[in-house]
Structure formats: C-alpha cells, structure tokens
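Read through the structure below, which is laid out as structure tokens, and then see the notes.
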Amino acid sequence: MEDGKYVEGSIYFYAPNKGAPVFFAVAFAASGIYHAYQCVHYQSWRLTGLYVFCAMLFTAGFIVREMGAFDYSHLIKFIVTICLVYAAPPLYELANYNILGRILYYVPYHSPIHPGRVITTLGFISAVVEALNGNGASYSSNLSLPKDKQEMGKNLIKASLLIQIVVIALFLLLAGIFHRRCQRSGLLNDKLRGALYTLYASQGLLIIRTIFRIVEYFSLADLHYGFGQDPMTLSPLIRYEWFFYFFEATLMFVNQVLMNVRHPRKYLPKSTKTYLKRDGVTEVMGPGHKDTRPFLQTVFDPFDVIGIIQGKDKQKRFWEVDDDDKGDQASGGVTASNGARKGDVEAV
C-alpha cells in the first residue's frame, strides 16, 4: 500500500508497482494484435493503423517500467519508459483527426473544411506537439542534467500540453459544426451517429488525460531532493503512483479497446470516394474530394479562403450534380460516377 513517502534512491519517488506493468503490457499487446487483425479484416491500415503502433509503444513502455520496478534507481530505464508511454497519447489524437476526416469525406457537402486538410493541418500541429513532448520528457526525466536543462524540459512539455488543448478545441469545433449541419438536414443516420459518438468518447478520454497532465506539470515542484526540500511538499500527483496508472494507463487502454469494439469501419465505407447522398440512405461513388492546391497552401489555408473569395470552391462541389447521373449505389459494387468499378478505387 502506498503511503506517499519518498523511497530512498528511487527516481520515480515511490517504489514502482511490480504487477501493474505486466498487466498493462499484456493488455496493450492483446489489443494491438486485435487491431492488427481488424486492419487486415477491414483493410483499414491507413485509417486505424496508428492504434497498432500506439499499442506497441505502450507495450514496450510498460515492459521497461517492469524492469525499472526492480531497479528503480536506474536512470536510463526511467527515461525510456517515460518517453515511450508519453509518446502514444498524442498519436491517438492524430488517429482521431484521421477518423474525423473520413467522416467528413462521407458527407462532404456538410464538411466545414476539406476532409483531407483535417489530418494535414491538425496533424502538422500535432507533429510539433510530439516533438516538444518527446524532447521535454527526455530532458525533464534525466536528473543527471543541470537544473536549467531539466526546467527547459518541463517547459517544453507544458507548451506541448497547452498546444494540445488548442488543437482539441479546433477538432471539437470542426466536429460540432459538422454534427449540427447533419442534424439540421436530417442526415444524422445510425452510421454517422455511431462514428461521431465513438469519436467524442475517444476524444473525451484524451481530454481528461491531457487535463491531468497539465495539472501534474504545472504543479510539479523542484525534483532535486538533495537541496533541503521536503519531499512530502510535492504534489500528491507525483507522490502516488495510482494517479499515473489511472489517468495515463487505464484511460488510454480504455481508448484503445473502445476502437476495438466500435471500430470506425463498422460505420464508414472503405473508400473516401464513397459518399452519402442527400437522401441519407444511398451511398454512391464520386470522383473524390480532391484538392489541387500546393501542399503548403493546404496546410496554412485549410478552409481555402482564397478559393472561396475567387469562387473556385464551387468547381469542387461534385455532389451538387444530379445524383441520378452519378451511377449506381456503391453498396452494390457497380459502376461509379467516374466510370471506374468500385473495386478499382483505392481504399483509404
């Protein structure tokens, strides 16, 4: 039983639990293997392949944490487990951006942004977050570095966490606008509800975890114990291991399993070129929601403000063509609107 007291020589502050890392390593590995099977079964590597990679990161992280539990003064093991475990959650967010983009492809006429720009724009910001998070974790966890370097690491992590909140807010704004538009037009069928509610649940878990990480790091005191500081004055978030296992391990495992149980391909079509007609029932094949602008322009102008001003955005509204001229339903696997067979269309 934890008593919140500092354990002499422990880099973790406490004596790490020896059973929990084994459980979570096995649990994440099992979920990751099942995700790999689902990626093959649904042909959805580009849609949910990140869940396999995140499971690998968590599995490796908890294996190293188990090793560190028997040698809690070993600095390298501590740094490795921290970097691996903290690297996965931002990638879950990236996976959610990808899934939101696929939802927007499914109903393109209600999308507030080009569906492909969700992953490039928010993904670009997430890449910055990941770089800050990784570098910050390596600096802040290395107690052999000078104090100013450790403080720099903590500041990098704080910056990454705050940026994550901004990105989450943008993500929820996009999803909320799209959800409202579908609801007003009567297009919110069971498939869209299932996909959106699953996405909201996943993002909710990530928000709780991010809030915990922000509180943890902004309440983090000086970890140089040898300078006359009383360890008991540190935040309980640091002194008790169960906070880590609930907010960092359990919530992320629930998120991992959530996507096993409510896999996005149960609700969304295989191809980004398959979209829902305005009747809310029929699925048809279209030419795809393409963006021919230069890549950097799509990143910095995801809403295509220039195109809207110039009226060029209207040229891309393929769904405004009479649906009767679009060809047969995609669910029947017959000729698509551009003359291609459904099986010939690249799945994403």
From CA spacing to verdict: side-chain contact (heavy atoms from CB on, under 4.5 Å), H110, S185: CA-CA 9 Å; H110 285 328; S185 63; 2.8 Å; yes
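Heavy-atom contacts from other residues, nucleotides or ligands closer than 6.0 Å to NZ of K266 number more than 12. Annotation for M152: atom CE counts as buried by contact number, over 12 foreign heavy atoms lying within 6.0 Å. Residue Y34 qualifies as open at atom OH: its count of foreign heavy atoms under 6.0 Å is 12 or below. No more than 12 heavy-atom neighbours from other residues, nucleotides or ligands sit within 6.0 angstrom of CG on D190.
At least one side-chain heavy atom of P264 sits under 4.5 Å from a side-chain heavy atom of M259. Side-chain contact between L192 and Y267 is absent, with no heavy atoms from C-beta onward closer than 4.5 Å. P89 places a side-chain heavy atom less than 4.5 Å from the side chain of F58. In this structure, the side chains of R239 and P236 come closer than 4.5 Å at one or more pairs of heavy atoms. F212 has its side chain within reach of L237: a pair of non-hydrogen atoms, C-beta onward, lies under 4.5 Å apart. Using a 4.5 Å heavy-atom threshold, the side chains of L276 and T282 count as separate.
Note: Y97 and F171 have tilted aromatic rings, judged against thresholds of 30 and 60 degrees for the angle between ring planes. In this structure, F247 and F243 have parallel ring planes: the angle between them is below the 30° cut-off, well short of the 60° mark. Note: F253 and F28 have perpendicular aromatic rings, judged against thresholds of 30 and 60 degrees for the angle between ring planes.
At least one cation-pi condition fails for K5 and Y14: the charged atom is not both under 6.0 angstrom from the six-membered ring centre and inside a 45 degree cone around its axis. Taking the centre and axis of the six-membered ring of Y109, the NZ or CZ atom of R278 falls inside the cone set by 45° and 6.0 Å.
For the residue pair R65 / T81, no side-chain donor-acceptor distance below 3.5 Å is found, with atom types taken as modelled. In this model, a donor atom of one side chain and an acceptor atom of the other lie less than 3.5 Å apart for Q203 and N96. Between the side chains of Y86 and E248, no donor-acceptor pair of N or O atoms lies under 3.5 Å. Between the side chains of T48 and H263, at least one donor N or O sits under 3.5 Å from an acceptor N or O. With no hydrogens or angles considered, no side-chain donor-acceptor pair links Y51 and Q38 at under 3.5 Å. Defined by atom type and a distance below 3.5 Å, a donor-acceptor pair is present between the side-chain atoms of T120 and R117.
Between K191 and E283, at least one side-chain N (NZ, or NE/NH1/NH2) sits under 4.0 Å from a carboxylate O, which counts as a salt bridge.
Ring to ring, Y12 and Y72 are not that close: their centroids are 6.0 angstrom or more apart.
Taking CG from L100 and CD1 from I113, the interatomic distance works out to 9.0 Å, rounded to the nearest 0.5 Å.
R262 and G194 make their closest contact through NH2-O, 3.3 Å (heavy atoms, listed as atom of the first residue, atom of the second, distance).
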